[in-house]
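Quick note on labels: first sequence line is chain A, next is B, and so on, each numbered from 1. From a predicted model like this one, the values you see are computed outputs, not experimental measurements.
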Amino acid sequence: MTHSHFEMRMQSQPRYLCVARAALETLAKQYGLHQNEVDPVVLAVDEAMTNIIRHGYKDATDKPILIRINPLDDALGKGIEIILEDECVGVDLTKIRGRDLKQVRPGGLGVHILYKTMDTVEFTHRQDAKGVRLALRKYHQPTAPAVQEGS
Amino acid sequence: MAEEPTHTTETIDDGLLICFGGEIDYSNSPDLRHVIHQALARKPDRLIIDLTGVPYMDSSGVAVLVEALQGQTKNKKQLILSNLQTKVQGIFEIARLDTVFQITDDIEQAKQIPPAPPRK
């Protein structure tokens, strides 16, 4: 069995979102992403977890969310992979898509943010059919300009 | 956890200025909504929301601001955002809302924007 470099298992409580963000930010920097690459990754994962809590679990706060994080070093370069697994059953994956941004209205931005910020986004049903697996990958762009510390 | 966003609400010449502080995500965006709804209930001609102290905001916070913009626009009144920090500016750009809102670099600039045309 292959273990992830880093795993977090949290309850579906929104108050833990900031904890996950902090850990992810630290790891993404360790894996070589620049701050201006880290910020969108952190936002994307926050949005994905919020979608699980809000839409998948209907705001129930006692459901599990598993976050697995790995460094990437493959043909596409170095980067970070984040895998989120939940226990949301009966989800129609074909209906997960971003909305038309020409409509200015509250909500519905989460999925758009995922696709806009990450290099790959893969929604699949878990192999045990007990929930949804979301794999997000972001590769470091060597030409990405570094941003100032603290921004 | 992300703490409840801090805020101060101040009366200005033709409206209200709210300054928020702290990270805003799904855990505390209802607090943001509550504060802004209270402000909207006072029907300010100009509502300035200063985000100097907000280093991070996710789409749940942005949704609250869109609601506020819609409320003010419907009443032919103004909503102006000021001092968006890097990460907050980022989500506005990703959501293509940076051209929908009136956004200024600072509060003084926000006060100088001409008032909305009178309601017919």
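A salt bridge (Lys or Arg N to Asp or Glu O under 4.0 Å) with A/Glu85 is found for exactly one of A/Arg133, A/Lys63, A/Lys130, namely A/Arg133.
No side-chain donor-acceptor contact under 3.5 Å links B/Lys76 to the backbone of B/Thr73. A/Asp86 contributes no side-chain N or O that, together with a main-chain N or O of A/Ile52, makes up a donor-acceptor pair within less than 3.5 Å.
Highest contact tally toward chain B, considering only A/Leu109, A/Thr50, A/Leu43, is held by A/Leu43 [criterion: heavy-atom pairs under 4.5 Å].
Of the atoms belonging to A/Asn51, not a single heavy atom falls under 4.5 Å from chain B. For B/Leu65, no part lies under 4.5 angstrom from a heavy atom of chain A. For B/Val62, the part sitting under 4.5 Å from any heavy atom of chain A is the side chain, from C-beta outward, and nothing else.
Other residues, nucleotides and ligands place more than 12 heavy atoms under 6.0 Å from the NE2 atom of A/His125.
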